[in-house]
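Whatever order the structure lists ligands and atoms in, that order sets their numbers, starting from 1. We use all heavy atoms of the structure for the numbers below, so side chains are in, but hydrogens, waters and symmetry mates are not.
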Amino acid sequence: MATGYDVDWQALRDAAVEVAAHAYAPYSRFQVGAAALADDGRMLVGCNVENAAYGVVLCAECGVVSQLHATGGGRLTHFVCVNGDGEVIMPCGRCRQLLFEQGGRDLLLLTVSGVRRMDEVLPDAFGPDDLS
Ligand SMILES: O=c1ccn([C@H]2C[C@H](O)[C@@H](CO)O2)c(=O)[nH]1
(Lines give C-alpha, C1' and ligand atoms only; values in the text may rest on other atoms or scores of the structure.)
Protein backbone atom coordinates (compact mmCIF):
# COMPACT_ATOMS: atom_id res chain seq x y z
CA MET A 1 0.00 0.00 0.00
CA ALA A 2 1.36 3.40 -0.96
CA THR A 3 1.29 5.82 1.94
CA GLY A 4 2.48 9.33 2.67
CA TYR A 5 4.59 11.00 0.07
CA ASP A 6 6.40 7.89 -1.24
CA VAL A 7 3.93 7.41 -4.06
CA ASP A 8 4.98 7.60 -7.73
CA TRP A 9 3.19 10.86 -8.51
CA GLN A 10 4.70 10.92 -12.00
CA ALA A 11 3.09 7.58 -12.88
CA LEU A 12 -0.24 8.81 -11.51
CA ARG A 13 0.05 12.03 -13.49
CA ASP A 14 0.99 10.10 -16.63
CA ALA A 15 -2.18 8.02 -16.25
CA ALA A 16 -4.24 11.20 -15.91
CA VAL A 17 -2.65 12.66 -19.04
CA GLU A 18 -3.37 9.46 -20.95
CA VAL A 19 -7.03 9.30 -19.98
CA ALA A 20 -7.55 13.01 -20.66
CA ALA A 21 -7.11 12.19 -24.35
CA HIS A 22 -10.33 10.16 -24.14
CA ALA A 23 -12.42 13.03 -22.76
CA TYR A 24 -15.69 13.82 -24.49
CA ALA A 25 -15.64 17.60 -24.34
CA PRO A 26 -17.11 18.94 -27.60
CA TYR A 27 -18.68 21.98 -25.87
CA SER A 28 -15.96 23.38 -23.62
CA ARG A 29 -13.07 21.84 -25.57
CA PHE A 30 -11.47 21.49 -22.14
CA GLN A 31 -10.26 17.95 -21.65
CA VAL A 32 -9.69 16.69 -18.12
CA GLY A 33 -8.08 13.46 -16.97
CA ALA A 34 -8.06 12.27 -13.38
CA ALA A 35 -6.19 9.42 -11.74
CA ALA A 36 -6.21 8.13 -8.20
CA LEU A 37 -4.87 5.30 -6.08
CA ALA A 38 -7.01 3.22 -3.77
CA ASP A 39 -5.80 1.91 -0.42
CA ASP A 40 -5.05 -1.49 -1.97
CA GLY A 41 -2.84 0.09 -4.64
CA ARG A 42 -5.41 -0.06 -7.43
CA MET A 43 -5.28 2.81 -9.92
CA LEU A 44 -8.52 4.44 -11.02
CA VAL A 45 -8.92 6.85 -13.90
CA GLY A 46 -11.63 9.02 -15.40
CA CYS A 47 -12.19 11.69 -18.04
CA ASN A 48 -14.85 14.35 -18.37
CA VAL A 49 -17.95 13.56 -20.40
CA GLU A 50 -20.06 16.51 -21.51
CA ASN A 51 -23.66 16.68 -22.66
CA ALA A 52 -25.75 18.85 -24.99
CA ALA A 53 -27.62 19.80 -21.82
CA TYR A 54 -24.51 21.53 -20.49
CA GLY A 55 -25.27 21.15 -16.80
CA VAL A 56 -25.37 17.38 -17.11
CA VAL A 57 -21.60 17.18 -17.51
CA LEU A 58 -19.75 14.39 -15.75
CA CYS A 59 -16.44 15.64 -14.41
CA ALA A 60 -13.41 13.39 -14.73
CA GLU A 61 -13.57 12.79 -10.98
CA CYS A 62 -16.98 11.15 -11.39
CA GLY A 63 -15.33 8.48 -13.53
CA VAL A 64 -12.69 7.86 -10.88
CA VAL A 65 -15.29 7.45 -8.16
CA SER A 66 -17.42 5.16 -10.31
CA GLN A 67 -14.44 3.00 -11.19
CA LEU A 68 -13.45 2.82 -7.51
CA HIS A 69 -16.76 1.23 -6.62
CA ALA A 70 -17.17 -0.75 -9.84
CA THR A 71 -13.87 -2.52 -9.18
CA GLY A 72 -14.31 -3.41 -5.54
CA GLY A 73 -14.59 -0.26 -3.46
CA GLY A 74 -12.10 0.89 -0.86
CA ARG A 75 -10.75 4.32 -0.05
CA LEU A 76 -8.92 6.82 -2.22
CA THR A 77 -5.42 7.69 -0.97
CA HIS A 78 -3.84 9.77 -3.77
CA PHE A 79 -5.31 11.90 -6.54
CA VAL A 80 -4.31 14.15 -9.42
CA CYS A 81 -6.15 15.75 -12.34
CA VAL A 82 -4.77 17.45 -15.43
CA ASN A 83 -6.00 19.45 -18.39
CA GLY A 84 -5.55 18.53 -22.04
CA ASP A 85 -2.06 20.05 -22.03
CA GLY A 86 -1.03 17.77 -19.20
CA GLU A 87 -0.94 20.59 -16.66
CA VAL A 88 -2.09 19.84 -13.14
CA ILE A 89 -5.39 21.56 -12.35
CA MET A 90 -7.45 21.82 -9.20
CA PRO A 91 -10.56 19.68 -8.86
CA CYS A 92 -13.68 21.85 -8.92
CA GLY A 93 -15.54 22.46 -5.68
CA ARG A 94 -18.18 19.84 -6.33
CA CYS A 95 -15.51 17.26 -7.07
CA ARG A 96 -13.59 18.11 -3.89
CA GLN A 97 -16.77 17.12 -2.07
CA LEU A 98 -16.98 13.88 -4.12
CA LEU A 99 -13.36 13.08 -3.33
CA PHE A 100 -13.77 13.91 0.36
CA GLU A 101 -16.51 11.30 0.64
CA GLN A 102 -14.23 8.62 -0.84
CA GLY A 103 -10.90 9.57 0.71
CA GLY A 104 -11.60 11.71 3.75
CA ARG A 105 -9.39 14.43 5.13
CA ASP A 106 -6.19 12.38 4.68
CA LEU A 107 -6.49 12.01 0.90
CA LEU A 108 -3.37 13.44 -0.74
CA LEU A 109 -3.76 15.53 -3.88
CA LEU A 110 -1.07 16.69 -6.28
CA THR A 111 -2.15 20.29 -6.80
CA VAL A 112 -0.95 23.46 -8.50
CA SER A 113 0.85 24.26 -5.24
CA GLY A 114 2.30 20.83 -4.56
CA VAL A 115 1.04 17.85 -2.56
CA ARG A 116 -1.82 18.85 -0.30
CA ARG A 117 -4.10 17.01 2.06
CA MET A 118 -7.80 17.08 1.37
CA ASP A 119 -8.42 19.04 4.56
CA GLU A 120 -6.24 21.80 3.11
CA VAL A 121 -8.20 22.11 -0.13
CA LEU A 122 -11.63 21.52 1.46
CA PRO A 123 -11.31 22.72 5.05
CA ASP A 124 -14.06 22.03 7.58
CA ALA A 125 -15.80 19.84 5.02
CA PHE A 126 -19.32 18.63 5.43
CA GLY A 127 -19.25 14.85 5.34
CA PRO A 128 -20.64 11.55 6.54
CA ASP A 129 -19.83 12.33 10.20
CA ASP A 130 -22.23 15.27 10.09
CA LEU A 131 -25.11 12.90 9.42
CA SER A 132 -24.45 10.62 12.38
O1 LIG B 1 -12.50 19.32 -11.61
C2 LIG B 1 -12.94 19.43 -12.76
C3 LIG B 1 -13.21 20.66 -13.35
C4 LIG B 1 -13.73 20.69 -14.62
N5 LIG B 1 -13.96 19.51 -15.29
C6 LIG B 1 -14.54 19.54 -16.63
C7 LIG B 1 -16.00 19.82 -16.68
C8 LIG B 1 -16.17 20.39 -18.06
O9 LIG B 1 -16.34 19.32 -19.00
C10 LIG B 1 -14.85 21.05 -18.34
C11 LIG B 1 -14.90 22.57 -18.25
O12 LIG B 1 -15.38 22.97 -17.00
O13 LIG B 1 -13.92 20.56 -17.40
C14 LIG B 1 -13.66 18.29 -14.73
O15 LIG B 1 -13.83 17.25 -15.34
N16 LIG B 1 -13.17 18.30 -13.48
Side-chain angles (χ1 to χ4, degrees):
M1 172 176 144
T3 55
Y5 291 78
D6 61 354
V7 70
D8 187 349
W9 285 108
Q10 188 60 52
L12 202 59
R13 184 173 174 170
D14 288 348
V17 169
E18 192 177 326
V19 72
H22 297 285
Y24 176 74
Y27 306 108
S28 72
R29 307 255 172 224
F30 190 80
Q31 296 175 304
V32 179
L37 294 178
D39 53 1
D40 65 354
R42 235 150 76 241
M43 187 185 288
L44 302 318
V45 297
C47 58
N48 55 330
V49 178
E50 298 184 345
N51 193 283
Y54 297 162
V56 183
V57 62
L58 301 176
C59 282
E61 292 86 340
C62 298
V64 167
V65 169
S66 181
Q67 194 180 21
L68 172 72
H69 287 281
T71 59
R75 300 286 287 167
L76 295 181
T77 59
H78 299 80
F79 173 87
V80 64
C81 58
V82 300
N83 65 20
D85 294 327
E87 298 163 338
V88 172
I89 61 170
M90 296 304 292
C92 73
R94 176 179 179 275
C95 288
R96 293 181 204 193
Q97 185 72 33
L98 282 181
L99 294 169
F100 178 74
E101 182 85 13
Q102 307 301 326
R105 57 178 58 88
D106 295 330
L107 173 64
L108 293 177
L109 302 95
L110 180 58
T111 76
V112 295
S113 53
V115 176
R116 301 268 183 218
R117 286 165 47 103
M118 177 52 92
D119 59 6
E120 294 178 86
V121 301
L122 192 67
D124 301 324
F126 179 87
D129 290 348
D130 292 296
L131 299 179
S132 59

Any chance you could lay out the side chain to side chain contact (heavy atoms under 4.5 Å, CB included) test for Met90 and Arg96, step after step, and finish with the verdict? CA-CA 9 Å; Met90 296 304 292; Arg96 293 181 204 193; 3.5 Å; yes
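Inside a 4.0 Å radius of atom 9 (O) of ligand 1 there is at least one protein heavy atom.
Ligand 1 lies within reach of Pro91, whose nearest heavy atom is under 4.0 Å from it. Not a single heavy atom of Ala25 sits less than 4.0 Å from an atom of ligand 1.
Taking CG of Leu99 as the reference point, atom CG of Leu68 lies at 10.5 Å (rounded to 0.5 Å).
Inclusion of Cys59 in the set of residues having an N or O under 3.5 Å from an N or O of ligand 1 is not warranted. Considering backbone and side-chain atoms together, Val57 places no N or O closer than 3.5 Å to any N or O of ligand 1.
Residue Ala60 has at least one heavy-atom neighbour below 4.0 Å for each of these atoms of ligand 1: 14 (C), 15 (O). For ligand 1, the atoms lying closer than 4.0 Å to a non-hydrogen atom of Glu50 are 8 (C), 9 (O), 10 (C).
Looking at Asn51, its side chain never comes within 3.5 Å of a backbone N or O of Tyr54 through a donor-acceptor pair. Side chain of Thr71 to backbone of Gln67: a donor-acceptor contact under 3.5 angstrom is found. Counting only distance, with no hydrogens or angles, the side chain of Arg75 and the backbone of Leu107 share no donor-acceptor pair below 3.5 Å.
Scanning all protein heavy atoms for the shortest distance to atom 16 (N) of ligand 1 gives Glu61 OE1, 2.9 Å. In this structure, atom 3 (C) of ligand 1 lies nearest to the protein heavy atom Cys92 CB, 3.9 Å. Ranking protein heavy atoms by distance to atom 12 (O) of ligand 1, first place goes to Phe30 CD2, 4.8 Å.
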